[in-house]
Amino acid sequence: KCFIIHCEVIMSNFLREGDKVYMTHNMGVKGFVTEVFYRSVAASIGPGTLSKQMWVKFRKHDTGELLTAKRQDLTKDIT
């Protein structure tokens, strides 16, 4: 008899201070989250109310430079 076990990693969309992240389209830029904050959205092409957008400040692991990026441009590093 053979049994196949299916494992699935559930990725959280939520980031918090201390999480390890990298830029989705430039994986060499990585570091640790120092702050998560929201900014108001100024324009939209669709109807309805505008929601706030999540931004993240993180410190590069190699240079110590502090960077700010949209949450949608970052990926949580689970290694």
Side-chain angles (χ1 to χ4, degrees):
K1 291 182 177 181
C2 180
F3 295 98
I4 298 174
I5 299 173
H6 178 70
C7 294
E8 186 175 318
V9 176
I10 299 173
M11 302 219 19
S12 171
N13 220 14
F14 183 72
L15 288 177
R16 57 181 175 234
E17 286 184 31
D19 284 346
K20 196 158 90 170
V21 295
Y22 61 88
M23 297 289 286
T24 304
H25 300 292
N26 187 358
M27 295 174 66
V29 178
K30 54 179 114 176
F32 294 94
V33 175
T34 58
E35 183 184 354
V36 177
F37 60 98
Y38 294 86
R39 286 186 182 161
S40 297
V41 177
S44 176
I45 59 170
T49 59
L50 301 175
S51 59
K52 295 184 180 212
Q53 187 173 43
M54 185 186 286
W55 287 73
V56 177
K57 285 187 182 179
F58 66 100
R59 190 165 301 277
K60 284 181 68 174
H61 75 290
D62 54 354
T63 63
E65 180 183 358
L66 189 62
L67 300 173
T68 304
K70 293 178 188 176
R71 169 60 184 99
Q72 68 192 30
D73 295 336
L74 295 173
T75 302
K76 189 174 183 177
D77 192 351
I78 58 171
T79 58

Task: Beyond-backbone contact of Lys20 with His61, side-chain heavy atoms, under 4.5 angstrom - done: no
- [ ] Using atom types as modelled and distance alone, determine if a side-chain donor or acceptor of Arg71 lies under 3.5 Å from a backbone N or O of Leu74.
- [x] yes
Open item on the list: Checking the side chain of Arg59 only, and the main-chain atoms of Gly64 only, is there a donor and an acceptor separated by less than 3.5 Å?
Closed with: yes
Open item on the list: Check for me, please, whether Tyr22 and Val29 land in the same ILVMFWY cluster - side-chain distances under 4.5 Å, paths through other members count.
Closed with: no
Open item on the list: If I compare all heavy atoms of Ala69 with all of Met23, which pair ends up nearest, and what's the gap?
Closed with: CB-SD, 4.1 Å
- [ ] Work out which heavy atom in Thr68 is nearest to a heavy atom in Trp55; give both atom names and the distance.
- [x] CG2-CE3, 3.7 Å
- [ ] Spell out, yes or no, whether Phe32 and Val36 are grouped together once hydrophobic residues are joined by side-chain heavy atoms under 4.5 Å, including indirect joins.
- [x] no
TODO: Report the distance from atom NZ of Lys30 to atom OG1 of Thr75, rounding to the nearest 0.5 Å.
DONE: 12.0 Å
TODO: Enter the distance from Thr34:OG1 to Glu17:CD here, rounded to the nearest 0.5 Å.
DONE: 7.0 Å
- [ ] Determine the minimum heavy-atom distance between Ser51 and Val41, stating which atoms define it.
- [x] O-CG2, 2.9 Å
Task: Heavy atoms from other residues, nucleotides or ligands near CZ of Phe37 exceed 12 (cutoff 6.0 Å) - done: yes
- [ ] Taking atom CZ of Arg39 as the centre, report whether more than 12 heavy atoms of other residues, nucleotides or ligands fall under 6.0 Å from it.
- [x] yes
- [ ] List the steps, then state whether side chain to side chain contact (heavy atoms under 4.5 Å, CB included) holds for Lys76 with Leu15.
- [x] CA-CA 8 Å; Lys76 189 174 183 177; Leu15 288 177; 4.0 Å; yes
Task: Joint cluster assignment, Leu50 & Met54, ILVMFWY side-chain distance < 4.5 Å - done: no
